[in-house]
Student: 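A single structure is presented below for examination.
Lettering follows sequence order; numbering is per chain, from 1.
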Amino acid sequence: MNADDLFAVLGGILAVILLVFVGTGAIPVVSAAYTFLAIPVHAVVNHYRKAAPYTPRVAIVIPAWNEGAVIGASIDRLMALEYPLESLRLYVVDDASTDDTPDVVRRKAKQYPGNVFHLRREKGGEGKAHTLNHGIRVVLEDDWMQALLVMDADVIYTPNSLRRMTRHLADPAVGAVSAYIREGSKDKNYLTRFIALEYVLSQPAARRAQNVLGAQACLAGGAQLHSRENLLAIGGQIDTSSLAEDTITTFETQLKGRTVVFEPLAVVLAEEPGSIDALWKQRLRWARGNVTVTSRYRNIWFRPSKDHKLGTISFGIVWFSLWLLPIAMVLSSIGLVGLLLLQSDLATVLFRALWITAACTFTFTLALAVQLDGELTRKTWREVLTFPGIISMLVMLTAFFPGLLLEWLPSLFGAQLTETGLFWITLSIYIWISVSMLGAWLARRIEKTRVGRVLSPALIYLVGYGSLLCAITFDSYIKELRHAEAKWDKTEKTGRVTA
Amino acid sequence: MIDHTPPAGDPRHPGDAFLQAEIDENRAGERALVPKTVIAIAFVVLLVVVRELFFA
């Protein structure tokens with residue numbers, strides 16, 4: 001073999017590797033399309049057939065640390081739920097609060113005797129799971145409780161939400177039920193509107209699909225209803241060893257052979273972070289928790305089982321597509337740039353195939369999502385139109401309508417791109433998906449500066465909310481590799497949520 | 001999200017008949033997911049048609 005042949009073989013091998021890299025970028029896109037195509041199946045495959053009128057005795061456990069501003073109103077609203085009062089008990093676990101939380105809860109305990117109980121932890125700050133377990137231990141001391149509702153202090157349960165959750169527990173095969181956590185801040189800003197839209201995509205949309213596929217990834221922390229039998233089966237407590245206690249509880253429920261049901265019509269309103277920094281801390285906690293989950297359950301992935309659906313190929317692809325999305329984005333960019341530098345015609349073909357698939361998937365998922373919660377998405381129309389990011393949308397346009405931006409638009413001004421100019425623009429387009437994460441990182445860095453107050457929102461609209469979430473996931477990889485301390489950062493709540 | 005469930009007489013104790021009717025109504029409401037999906041797919045088809053007609 002002479003040198004030319006050797007280079008040809010090496011070039012071929014390199015091209016195949018780059019091809020695989022580009023292909024990884026398609027996996028999350030196809031996974032999202034697959035998930036959303038399962039949603040209409042929920043018209044037939046749902047749990048309503050096995051649901052029945054059922055109002056068990058429900059013990060509600062609320063972890064509370066310095067929630068004095070919101071806890072009183074939360075208790076009043078829970079006591080006003082459309083649910084038999086004699087079947088409701090509310091245990092507020094005061095996690096060594098230093099504000100007036102104890103006084104407020106004691107007053108409410110007097111106002112609702114036999115329904116509201118104040119539990120005090122003198123040593124606090126160990127995290128939500130420890131606080132919940134304090135309450136759960138008390139609740140399990142007698143046989144009164146038939147179902148346990150775990151929630152956050154500041155969320156608002158709509159009046160019919162609890163009874164819409166309990167009806168699924170009439171089926172003994174169901175271990176836990178979750179509700180639709182809806183962003184409910186009364187003074188929404190651009191970020192809470194993006195989060196609101198994200199929650200529509202991830203809950204009434206994606207979790208309906210997970211109902212169909214038979215495996216739920218996570219019970220919402222603010223709305224977890226467990227049967228007593230399920231709670232005892234998973235050890236009678238919430239996992240305290242990680243930052244992902246919600247997901248671990250969800251997995252354990254399903255591994256014990258019980259079903260987890262998402263009820264899209266039980267609506268719970270929650271206050272979500274209004275700044276990138278607060279969102280970053282919250283999601284970093286979630287992302288690092290998911291690293292623990294992925295590692296702890298390494299023996300179930302892609303191993304189908306008769307007892308649960310967590311090991312199915314489809315669930316594995318959905319899980320890893322989200323968890324490894326930033327890596328897929330970077331690999332895809334490397335692949336495209338590599339093929340471009342190799343002067344391979346495949347670069348253009350693959351770029352178009354990838355981004356046209358992405359454009360179709362975005363269009364489909366967003367068009368479906370806006371119909372699933374029309375009331376909310378009418379208020380977030382700007383975020384619907386720019387959800388992928390304005391620049392990513394231009395990239396999609398370039399792929400979808402070749403010639404529109406690179407030939408027709410310049411010709412309107414009597415200009416024409418030179419070959420060098422076209423190369424650099426193509427290169428920029430190919431690396432954009434990775435660079436967008438840097439834009440999101442920059443938005444966080446400058447958020448608290450004077451210029452950042454205007455520039456940060458503009459950057460998020462430009463790079464896309466998805467890129468922000470990917471940047472946070474990327475940060476979680478770095479923190480894990482550095483073995484950075486995993487601490488519980490409570491998301492700051494200010495009582496902005498409104499019914 | 002449109003909720004067609006009628007208000008119960010006694011919201012705390014609406015009775016099994018009401019609760020069952022609510023379940024049946026919610027179950028029937030899920031059928032709307034099919035036309036909603038068709039509408040969403042129609043948007044994608046429209047994009048593809050425009051591409052094929054004007055940019056192929």
Student: Can you name the residues that form a ring-ring contact (aromatic ring centres under 6.0 Å, His included) with A:Tyr112, not counting sequence neighbours?
Tutor: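 Testing A:Tyr112 for ring-ring contact (aromatic ring centres under 6.0 Å, His included), a comparison that skips the adjacent residues, returns none.
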
Student: Throw together a table of side-chain donor-acceptor distances under 3.5 angstrom for residues 39-46 of chain A, partners on residues two or more places apart or in other chains.
Tutor:
unit_1  : atom_1 : unit_2   : atom_2 : d
A:His42 : ND1    : B:Glu30  : OE1    : 2.5
A:His42 : NE2    : A:Asn211 : ND2    : 3.1
A:Asn46 : OD1    : A:Tyr48  : N      : 3.1
A:Asn46 : ND2    : A:His42  : O      : 2.8

Student: Heavy atoms only, distances under 4.5 angstrom: which of A:Phe362, A:Tyr54, A:Phe400 has the most pairs with chain B? Name it, please.
Tutor: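 Of the candidates given, the most pairs with chain B belong to A:Phe400.
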
Student: Heavy-atom pairs under 4.5 Å with chain B - which of A:Phe36, A:Tyr83, A:Trp408 has more of them than the others?
Tutor: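 Ranked by heavy-atom pairs under 4.5 Å with chain B, first place is A:Tyr83.
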
Student: Salt bridge (charged side-chain N to carboxylate O under 4.0 Å, His left out) with A:Arg193: which of A:Glu198, A:Glu383, A:Glu183?
Tutor: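 Passing option: A:Glu383.
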
Student: Strictly distance-based, threshold 3.5 Å: is any side-chain N or O of A:Thr166 a donor or acceptor partner for the main-chain N or O of A:Thr55?
Tutor: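 The answer is no, because no donor-acceptor pair under 3.5 Å joins these two groups.
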
Student: Does any non-hydrogen side-chain atom of A:Thr158 lie less than 4.5 Å from one of A:Val268?
Tutor: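 The answer is no; the side chains never approach within 4.5 Å.
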
Student: Check whether A:Glu407 gets within reach of chain B through its side chain, its backbone, both or neither, counting any heavy atom under 4.5 Å.
Tutor: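 Contact with chain B involves no heavy atom of A:Glu407 at all.
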
Student: From A:Arg167 CZ over to B:Asn26 CG, what is the distance, rounded to the nearest 0.5 angstrom?
Tutor: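 That separation rounds to 4.5 Å.
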
Student: With only heavy atoms counted, which part of B:Val38 is less than 4.5 Å from chain A, the side chain, the backbone, both or neither?
Tutor: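 The answer is neither part of B:Val38.
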
Student: Is A:Ile356 close to chain B through its backbone or its side chain, or both, or neither, when contacts mean heavy atoms under 4.5 Å?
Tutor: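 Only the side chain of A:Ile356 comes within 4.5 Å of chain B.
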
Student: Checking heavy atoms, do the side chain of A:Arg208, its backbone, both or neither come under 4.5 Å from chain B?
Tutor: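 Side chain of A:Arg208 only, per the 4.5 Å heavy-atom cut-off to chain B.
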
Student: Checking B:Val50 against chain A: side chain, backbone, both or neither under 4.5 Å from a heavy atom?
Tutor: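 Contact with chain A is through both the backbone and side chain of B:Val50.
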
Student: Heavy atoms only, distances under 4.5 angstrom: which of B:Asp24, B:Leu47, B:Ile41 has the most pairs with chain A? Name it, please.
Tutor: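 Going by pairs under 4.5 Å, I would pick B:Leu47.
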
